[in-house]
Number of protein chains: 2
Amino acid sequence: MADGKAGGGRPTIYDVAREAGVSPSTVSRALSNPGRVNAVTAERVAEVAARLGYRANALARALPSGRTDTLALFVSDITNPHFFGVIRGAEHQARAAGCTLIVGDTQESPEVEARNIERLGPSVDGFVIAASRMSDEEIVKLAAGHRLTLISRQSGDVPSVIVDHAEGTRQIVEHLASLGHRSIVFLAGPPRSWVGARRWESLAAAAERHGISARRIGPFPPTMAGGAAAADAALGTGATAAVAHNDLLAIGVLRRCAERNVSVPGELSVVGYDDIFGADFCSPPLTTLAGKYEESGRTAVDMLLAMRDRDGTRPPRRRVVLPSHLAIRRSTGPAPR
Amino acid sequence: MADGKAGGGRPTIYDVAREAGVSPSTVSRALSNPGRVNAVTAERVAEVAARLGYRANALARALPSGRTDTLALFVSDITNPHFFGVIRGAEHQARAAGCTLIVGDTQESPEVEARNIERLGPSVDGFVIAASRMSDEEIVKLAAGHRLTLISRQSGDVPSVIVDHAEGTRQIVEHLASLGHRSIVFLAGPPRSWVGARRWESLAAAAERHGISARRIGPFPPTMAGGAAAADAALGTGATAAVAHNDLLAIGVLRRCAERNVSVPGELSVVGYDDIFGADFCSPPLTTLAGKYEESGRTAVDMLLAMRDRDGTRPPRRRVVLPSHLAIRRSTGPAPR
DNA sequence: GTGAAAGCGCTAACAC
DNA sequence: GTGTTAGCGCTTTCAC
């Protein structure tokens, strides 16, 4: 704060140039492209810059170059611990590449996603959208005008990284089948969730192969609060096992069951997705499909950077699929008879 | 992605100006200061802008004006669920004010904090630093050159918002005393944590008033992993109650106790700070000092915006202290005899 | 290898 | 009211 504008009094390349007895353009070169300048000149410029405490103005640099060294990450709900890992991974990788990361919450809204992208367009080098709620058409359209990578979503040939759902969900069903369950209920999350749709598809397919009945109920808000309604509805179906859209919902189910004195897994087995913070210490600890979400954040940023750095050229990898594994804990057990 | 630079082909005010038959400056005015322009001109400009899909380039706008409509929030560890609330509150308030929020992880490092501020300086309208690890001198120095507000930290007359610790900690001690505990151990967190120091001070003072013995051990990393060592050390002291630096550490202690078959609260009562996600469903659910951290995020952003908007003038409030309250759950119980 | 000059897209005096 | 003219601080041809 202090007085007046924030950048006040900051030395510019002109100050450095005058002090070093060279032209501003030489300072610019010396600082960002030391190779293209006489070694001793470069040295002197660097020395003067350091002495004056010169720091490049990222804004001014970005305007002519079009390069901001800033990346944006949007998540559908910043409240969901699931995204911690994603954010952390992205933040880490962005910083490693010398970039600043902007994190935004799109609040489950495709409109907010689109608006943010339009608004931030020139201010960032690209976007990572996690769990986008936009339609495929919207995504493909935006991807034509902006660098874009997707997490937990596949759409056209937009570069994406997801965690395996098919094989993982098959493992869930097998696990449940081996415990004697014959009737599973899937607790659906947001209607626009791409992973939600995939999870249900995989579940239905796997259940069919095992001759197990599977039905879907919902949608429920993918929150702990949503878990109460989901639990009540699940209990009403007579199913012996519930597979929730995600861990937040699953933990909500656990709480509701405890309130209603329904034994888990005695009367109902519960499975979640994501293995979020808390899944291993809730009670009972939750059986859940774990994925490397931190890595998904890192990978999505990597792909974005690759797109930027070899512009025009296609990035090396598109459609990355990370492995998942079933973390079996105490919320699943033998089916009641 | 597509072809070439990200901003490519975006219409500028020049395009709008030509199409609307006015000068660029009129477009600029019409769009950002409609009052200072003829009503029908303004209307026409707006119409053309909409038709062309014109969107202001935030970067270009920020350079001459010095105003970026972007705020930065730094947290000491983006992994700690405690900051979810802070981030959410800040993000919400920033968006409500039409600002973009940059979220950064400073990894418990005062150097990273300082460097980020220097680097981002001209690119943002101000900084919110949560749980700063910098020294008072550094903070005050930086606050002279940048707009800055603090969360969970007080330093000089830099605007800050904290959650009450004195009264809250007194309540913890009273709660413990009423359960018959006569010996408390405080599990310290990061040495540079300002709140950590305040919590221990308050605890020691309150314990003394109650004639209870209190000692401090540590420091421990403020993570669940750190809780294992903390639990072992705490158990070695013979204290009947442990007050942890924060909930992450406290939940780690709970887990370690479970592993070692130490009954909580039968043999050891455990108290945390922050009431993070998970504190109410770990086992046993954690007694903890809850605070309105989401509100702290909102308030810090508000103060920052106030500083920016009435520049030079002092902001209305400095040193906000939000109330805390003790959430008593099952991790505390009568002292063993 | 280095300097001069022309912008990047926008805002903000300053004239008219 | 509206247009003209300078920049904001930097990068980047283009000459020399």
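Residue numbers start from 1 in every chain, and the chains themselves are labelled A, B, ... in the order their sequence lines are given, proteins ahead of strands.
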Exercise for the section: For the residue pair A:Arg95 and A:Leu101, establish whether any side-chain heavy-atom pair is separated by less than 4.5 Å. Expected result: no
Practice task
Would you mind telling me which residue lines up with the more 5' stretch of DNA chain C, B:Ser25 or B:Ala60, judged by nearest nucleotide?
Solution key: B:Ala60
Handout entry: Length of the line joining B:Asn33:CG and D:dG1:P, which is rounded to integer Å
Key = 13 Å
Practice task
Report yes if at least one side-chain N or O of A:Ser23 is closer than 4.0 Å to OP1 or OP2 of C:dT2; otherwise report no.
Solution key: no
Problem - Side-chain heavy-atom pair A:Arg67, A:Asp125 within 4.5 angstrom cut-off - result: yes
Practice task
Could you tell me whether B:Ala56 contacts a base, only the sugar-phosphate backbone, or nothing, with contacts defined as non-hydrogen atoms closer than 4.0 Å?
Solution key: sugar-phosphate
Exercise for the section: Round to the nearest Å and state the distance from B:Arg67 atom CZ to C:dT11 atom P. Expected result: 12 Å
Problem - d(CG, B:Leu63; C1', C:dA12) in whole Å - result: 13 Å
Practice task
Establish, with yes or no, whether the OP1 or OP2 oxygen of C:dT11 is under 4.0 angstrom from a side-chain nitrogen or oxygen of B:Ser28.
Solution key: yes
Handout entry: Protein-nucleotide distance (A:Arg36, atom CZ; D:dT13, atom P), rounded to Å
Key = 9 Å
Problem - Value in whole Å for how far the P atom of C:dC10 lies from CZ of B:Arg55 - result: 12 Å
Exercise for the section: Would you tell me if any nitrogen or oxygen in the side chain of A:Arg61 comes within less than 4.0 Å of OP1 or OP2 on D:dG9? Expected result: no
Handout entry: Polar pair under 3.5 Å, donor/acceptor by atom type, side chain B:Tyr14, base C:dC8
Key = no
Exercise for the section: Side-chain contact test, heavy atoms from C-beta onward, threshold under 4.5 Å: evaluate it for B:Ile78 versus A:Ile87 and give yes or no. Expected result: yes
Practice task
Compare side-chain N and O positions of A:Thr26 against OP1 and OP2 of C:dG3 and report whether any pair is under 4.0 Å apart.
Solution key: yes
Exercise for the section: Mind calculating the distance between CZ (B:Arg29) and C1' (C:dC10) to the nearest angstrom? Expected result: 13 Å
Practice task
Would you indicate what B:Thr12 reaches in the nucleic acid, counting non-hydrogen atoms under 4.0 angstrom: base, sugar-phosphate, or nothing?
Solution key: sugar-phosphate
Handout entry: Phosphate OP1/OP2 of C:dG1: any A:Thr41 side-chain N/O under 4.0 Å
Key = no
Practice task
Indicate whether any N or O donor in one side chain lies under 3.5 Å from an N or O acceptor in the other, for B:Arg319 and B:Ser160.
Solution key: no
